[in-house]
Q: 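Just passing along the structure, written as C-alpha cells.
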Number of protein chains: 2
Amino acid sequence: MSEGKSPNRYTLRDVARHAGVSLGTASKALNKSGTLRQETREKVLKAANELGFRPNDLAQALHRGQSFTVGLISNDSFGRFTMPIMEGLETVLHAAGIALFMCNATDDPEREKRHIDQLLGKRVDGLIFTGRRADRRPVPGLALGNLPVLYVFSQSDEPGAACLLPDDEGGARLATAHLLSLGRTRIAHVTGPEDFEAVRLRRRGYEASLSKADPALILHGPWSEAWGREAAARLLAMPTRPDAIFAGNDQIARGIVETLRDNAISVPQDIAVIGFDNWSVMTEASRPQLSSIDMNLKLLGEEAGHRLIRMIRGESQSGTSRLPCTLVPRASTVPTPQPGQ
Amino acid sequence: MSEGKSPNRYTLRDVARHAGVSLGTASKALNKSGTLRQETREKVLKAANELGFRPNDLAQALHRGQSFTVGLISNDSFGRFTMPIMEGLETVLHAAGIALFMCNATDDPEREKRHIDQLLGKRVDGLIFTGRRADRRPVPGLALGNLPVLYVFSQSDEPGAACLLPDDEGGARLATAHLLSLGRTRIAHVTGPEDFEAVRLRRRGYEASLSKADPALILHGPWSEAWGREAAARLLAMPTRPDAIFAGNDQIARGIVETLRDNAISVPQDIAVIGFDNWSVMTEASRPQLSSIDMNLKLLGEEAGHRLIRMIRGESQSGTSRLPCTLVPRASTVPTPQPGQ
DNA sequence: TGCGACTCGGAAAAGCTTTTCCGAATGAGT
DNA sequence: ACTCATTCGGAAAAGCTTTTCCGAGTCGCA
C-alpha cells in the first residue's frame with residue numbers, strides 16, 4: 001500500500017491498477033455509471049478504500065464545469081454574526097453536496113477584493129457576502145458577471161441585489177408588544193447610532209407599536225454598555241420615569257440594568273428591560289438575565305443556503321427579504337426567582 | 001466583449017484570440033516567460049484586462065501539482081479565538097501567494113471530518129486546526145499522509161504533532177508579577193474548570209510567581225461572570241481578605257469586580273483585579289476597566305503562517321511551541337481617574 | 001457452430017493551463 | 001544571395017477525471 005504516495009495523492013489510475021481493472025471501469029464503478037457487475041464495482045470500491053483514494057476535485061471541477069463550492073466573504077472581524085449564519089449555510093449546502101469556504105476581510109476593502117479574486121479563480125459556483133452590520137456596502141470592485149451572489153445580513157449598493165436580512169422592525173414590534181402585554185405604559189427606547197439602518201428600523205418598529213410615541217423617550221448613542229448606563233441615568237432623572245425600556249441591543253440593555261441596579265430600582269418590577277440580539281454573553285451574565293430578541297441567524301443562513309442553491313440552478317433572485325425574529329423572554333421582563341439575586 | 005461569457009469564464013484561449021496571438025504566446029506573455037517582445041506582452045496583457053480574464057486556478061493547480069491554498073479548520077463556534085488567528089494567518093499566507101479558506105465544524109466531529117475531506121479533495125497544500133480550547137483533541141479520523149498540518153491554539157493526541165500555543169503559564173506569571181510589583185501581598189486566583197489545560201497552566205504560573213501560595217486562595221469554577229461573583233463573595237467572607245485577585249479569564253474577572261462593587265470595595269485601591277484574554281467586550285465594559293493578559297492571537301496566526309509555509313516547502317516541524325503573552329494594564333490594577341465612576 | 005447478451009478494455013476526447021520543442025518567417029548584416 | 005538572430009506559431013504532452021464508443025472475449029442457448 002505504501003508506495004511513496006500520500007493518501008490524497010493516489011489517482012484513479014492507481015485505484016484501477018490496484019483493483020485490476022481499466023481506468024474507465026474504475027471511474028464507472030465509483031460513479032455508479034456504466035454497466036458493470038456488482039462484483040466489479042465492489043472490487044473497485046475496496047481498492048479505493050484501501051488506498052484512501054479521494055477524487056481530485058480540481059480535475060472533477062474542470063471536467064464538470066462546476067466546482068460545487070461556495071465562497072462566503074465576511075467583514076465581521078469578531079465572527080459574532082457570521083458564525084451562526086455560516087453554520088446554517090453549511091448545513092444546507094452540504095446536504096446539496098456543496099462545500100462552503102469562508103474568507104474574512106476584517107473590514108478591509110483591499111483584502112476583500114483579493115478574496116473575491118481568489119474565489120473566482122477557484123471557480124466557485126456562488127458567492128455570499130455577509131458582515132457585522134446590515135447597511136449597504138459598496139459594490140465589489142470586480143465584475144462578477146452571472147455568478148450567483150447573495151447578501152446575507154448585509155446589503156449592496158447594487159440595485160436588484162439579492163439580500164436576506166433579519167426583520168429588525170418586526171423584532172422591535174415583538175419587543176414592544178411584549179412590554180405592552182405586560183401592562184407597561186411608558187416605554188423608552190435606548191438605542192445605537194442613527195447611521196445604522198438597523199437602528200432606524202428598530203426604532204420604527206418601536207414607534208409603530210405605540211399609539212403615541214414620546215420623542216423624549218428615544219435616546220441614541222454608541223453600541224456600548226457605558227451608553228446604556230448613561231442613558232438609564234438620564235431616564236431616571238426625568239420628571240416621569242418610564243416603566244419599561246426597549247434597548248437597541250443587549251450590550252446597551254445590560255448597561256441599563258446596571259444603572260437601575262445601582263439605583264436600587266427593581267427589574268422588572270419597577271422597570272422592565274428588553275434587549276436585542278440575544279447575545280448570550282450579555283443576556284446570561286446580566287442581573288437579572290435579559291429578555292431579548294433573537295435574529296435567528298442560523299435560520300437565516302439556512303434560508304440563504306436554499307436560495308443560493310436555487311440561484312446556482314439557474315433561478316433568478318433579487319430584492320430584499322426579511323426573516324422574522326423571535327422573542328426570548330427572561331427575568332428582565334418576566335419576574336422569576338433568580339438564584340443569588 | 002460581451003460574447004455570452006461571464007468575466008470569470010474566459011479562457012486563455014479567448015485571450016489569445018482577442019490579442020491575435022497563439023495560446024502558447026498568451027501564456028508566456030502573462031507568465032513573463034519565453035522570449036517575447038515587450039510589445040507582444042503588453043498586447044496580451046491588455047486583452048486579458050479587457051476580458052477580465054482570470055486564470056482558472058483549478059487547471060493551474062492540476063498542472064503545477066500545488067494549489068497554493070491552505071485550509072483552516074476551526075471548532076470555535078463563536079469565532080472569538082479563531083478570528084484574530086485567521087487574520088494573522090491570512091496576512092502572512094497572502095504575502096506568499098497562498099489563499100486561506102476556513103471551515104467551521106462547530107465542535108461536531110462528523111462535520112469536521114467532512115471538512116477535512118473537502119479540503120483534501122481540493123488538494124490544499126496544508127491544513128491548520130484551531131479551536132476554542134487548547135486541550136488535546138482526537139486525531140482526525142482521516143489519514144493525512146505527508147500533508148503539512150499545524151495545530152494553532154490547539155493540540156493533538158498525535159505524538160510529535162506541530163503545535164503553536166499562547167504561553168498560558170508565562171501569561172499568568174506576568175499577571176501575578178504585575179500584582180506583586182504593585183505591592184500586593186495576598187493574591188488570590190479564581191479560575192475555570194480543572195479539566196482545561198489552560199487552567200492548570202495559568203494556575204502553575206501563578207503559583208510559581210509566589211514564594212508561598214496559599215491553597216485556600218485558589219478557587220475553581222465554570223467560565224462565567226456568575227462564578228466570578230460567587231468566588232469573590234467567598235473570598236470576602238474569609239477571615240483575611242486578599243488584596244489582589246488574578247482571574248483565569250476576563251468574564252470571571254468581571255464577575256469578581258461586580259461583587260466587589262456591590263460590597264463597596266474599591267478596585268484597585270482595596271483589591272486589585274486582573275483578568276486573562278483581553279477580551280474587549282469584558283475589559284472595556286467592566287467598572288473599572290480590566291487589566292488583562294493578551295494572548296496575542298493575531299501574532300500567533302502570523303507565526304503559524306510562517307511555520308506552515310516552511311512545512312509546505314519541505315521543512316519538518318514538530319512539537320509544541322508557546323508564544324509569549326502581553327500584559328495590558330488598565331484601571332482595575334492601576335488607579336486612574338475613571339469618567340462616570 | 002452461430003448468434004445474442006453481457007461485460008470489460010482501451011482509446012479518444014474534453015475541460016484549462018503550462019511548457020517544450022521544432023519549424024517557419026522576417027529582418028539585418030555581410 | 002546567404003547566414004544568423006529574433007520572434008512567434010503550433011503541435012504535443014502533461015496534470016486528473018469523466019464519458020462515449022467500438023471492439024473483443026466469454027457464456028449460454030438453440
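Note on naming: letters A, B, ... go to the chains in the order of the sequence lines (proteins, then strands), and numbering restarts at 1 for each one. Quick note: numbers below take in every heavy atom, side chains included, and nothing from hydrogens, waters or symmetry partners. Keep in mind the model is a prediction, meaning the values are calculated, not measured.
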Q: Does A:Ser154 reach the main-chain N or O of A:Gly131 with its side chain, forming a donor-acceptor pair under 3.5 Å?
A: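 No; zero donor-acceptor contacts below 3.5 Å.
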Q: Between the protein and nucleotides 18-24 of chain C, which nitrogen or oxygen pairs are less than 3.5 angstrom apart?
A:
| unit_1 | atom_1 | unit_2 | atom_2 | d |
| --- | --- | --- | --- | --- |
| C:dT18 | OP1 | B:Asn31 | OD1 | 3.4 |
| C:dT18 | OP1 | B:Asn31 | ND2 | 3.3 |
| C:dT18 | OP1 | B:Gln60 | NE2 | 2.7 |
| C:dT18 | OP2 | B:Ser27 | OG | 3.2 |
| C:dT18 | OP2 | B:Asn31 | ND2 | 3.4 |
| C:dT18 | O4' | B:His63 | NE2 | 3.4 |

Q: Using side-chain heavy atoms (C-beta onward) and a distance below 4.5 Å, is A:Leu30 in contact with A:Leu45?
A: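 Yes, at least one pair of side-chain atoms sits under 4.5 Å.
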Q: Report all interatomic pairs (protein N or O, nucleotide N or O of nucleotides 3-7 of chain D) with separations under 3.5 Å.
A:
| unit_1 | atom_1 | unit_2 | atom_2 | d |
| --- | --- | --- | --- | --- |
| D:dT7 | O3' | B:Arg37 | NE | 3.3 |

Q: Atom CZ of A:Arg54 and atom P of D:dT17: how far apart are they, to the nearest Å?
A: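 The distance from CZ of A:Arg54 to P of D:dT17 comes to 12 Å, rounded to the nearest Å.
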Q: Given atom CZ of B:Arg17 and atom P of D:dG10, what is their separation to the nearest angstrom?
A: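 After rounding, the gap between these two atoms is 12 Å.
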Q: Using 4.0 Å as the upper bound for N to carboxylate O, is an ion pair formed by A:Glu303 and A:Arg307?
A: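 Looking at A:Arg307 and A:Glu303, the cut-off is met.
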Q: Working note: B:Glu50 + B:Lys46, criterion salt bridge (Lys or Arg N to Asp or Glu O under 4.0 Å); need CA distance, chi angles, decisive distance, verdict.
A: CA-CA 6 Å; B:Glu50 282 173 0; B:Lys46 182 167 177 287; 2.8 Å; yes
Q: Could you list the residues that satisfy side-chain contact (heavy atoms from CB on, under 4.5 Å) with B:Thr25, not counting sequence neighbours?
A: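 Once residues adjacent in sequence are excluded, the partners of B:Thr25 under the side-chain contact (heavy atoms from CB on, under 4.5 Å) criterion are B:Val21, B:Ser22, B:Leu36, B:Thr40.
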Q: Taking the side chain of B:Thr11 as its heavy atoms from C-beta onward, which of D:dG10, D:dC16, C:dT17 lies nearest to it?
A: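 Closest nucleotide among those given: C:dT17.
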Q: Between B:Asp57 (CG) and C:dC16 (C1'), how many Å, whole number?
A: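 So the CG-C1' distance, B:Asp57 to C:dC16, works out to 11 Å.
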Q: Rounded to whole Å, how long is the line connecting atom CG of B:Asn56 with atom C1' of C:dA14?
A: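 That distance rounds to 14 Å.
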Q: Could you walk me through whether A:Asp117 and A:Arg114 pass the salt bridge (Lys or Arg N to Asp or Glu O under 4.0 Å) test, one step at a time?
A: CA-CA 5 Å; A:Asp117 206 36; A:Arg114 85 191 174 218; over 6 Å; no
Q: In whole Å, I'd like the distance from the CZ atom of B:Arg13 to the C1' atom of D:dA11.
A: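 That distance rounds to 12 Å.
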Q: Given side chains that start at C-beta, do those of B:Met83 and A:Asn104 come closer than 4.5 Å, heavy atoms only?
A: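 Counting from C-beta outward, B:Met83 and A:Asn104 do come under 4.5 Å.
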Q: Rounding to an integer number of Å, can you tell me how far B:Lys122 NZ sits from D:dT17 P?
A: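 Going from B:Lys122 (NZ) to D:dT17 (P), I get 14 Å.
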Q: When you measure from the side chain of A:Asn296 to the backbone N and O of A:Pro166, does any donor-acceptor pair fall under 3.5 Å?
A: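 No: the side chain of A:Asn296 does not pair with the backbone of A:Pro166.
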Q: Using atom CG of B:Leu62 as one end and atom C1' of D:dA13 as the other, report the distance to the nearest whole Å.
A: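 After rounding, the gap between these two atoms is 13 Å.
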Q: What's the CG-P distance between A:Leu58 and C:dA14, to the nearest Å?
A: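 Rounded to the whole Å, the gap is 22 Å.
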Q: Between B:Asp125 (side chain only) and B:Phe68 (backbone N and O only), is there a donor and an acceptor less than 3.5 Å apart?
A: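 Yes; at least one donor-acceptor contact below 3.5 Å.
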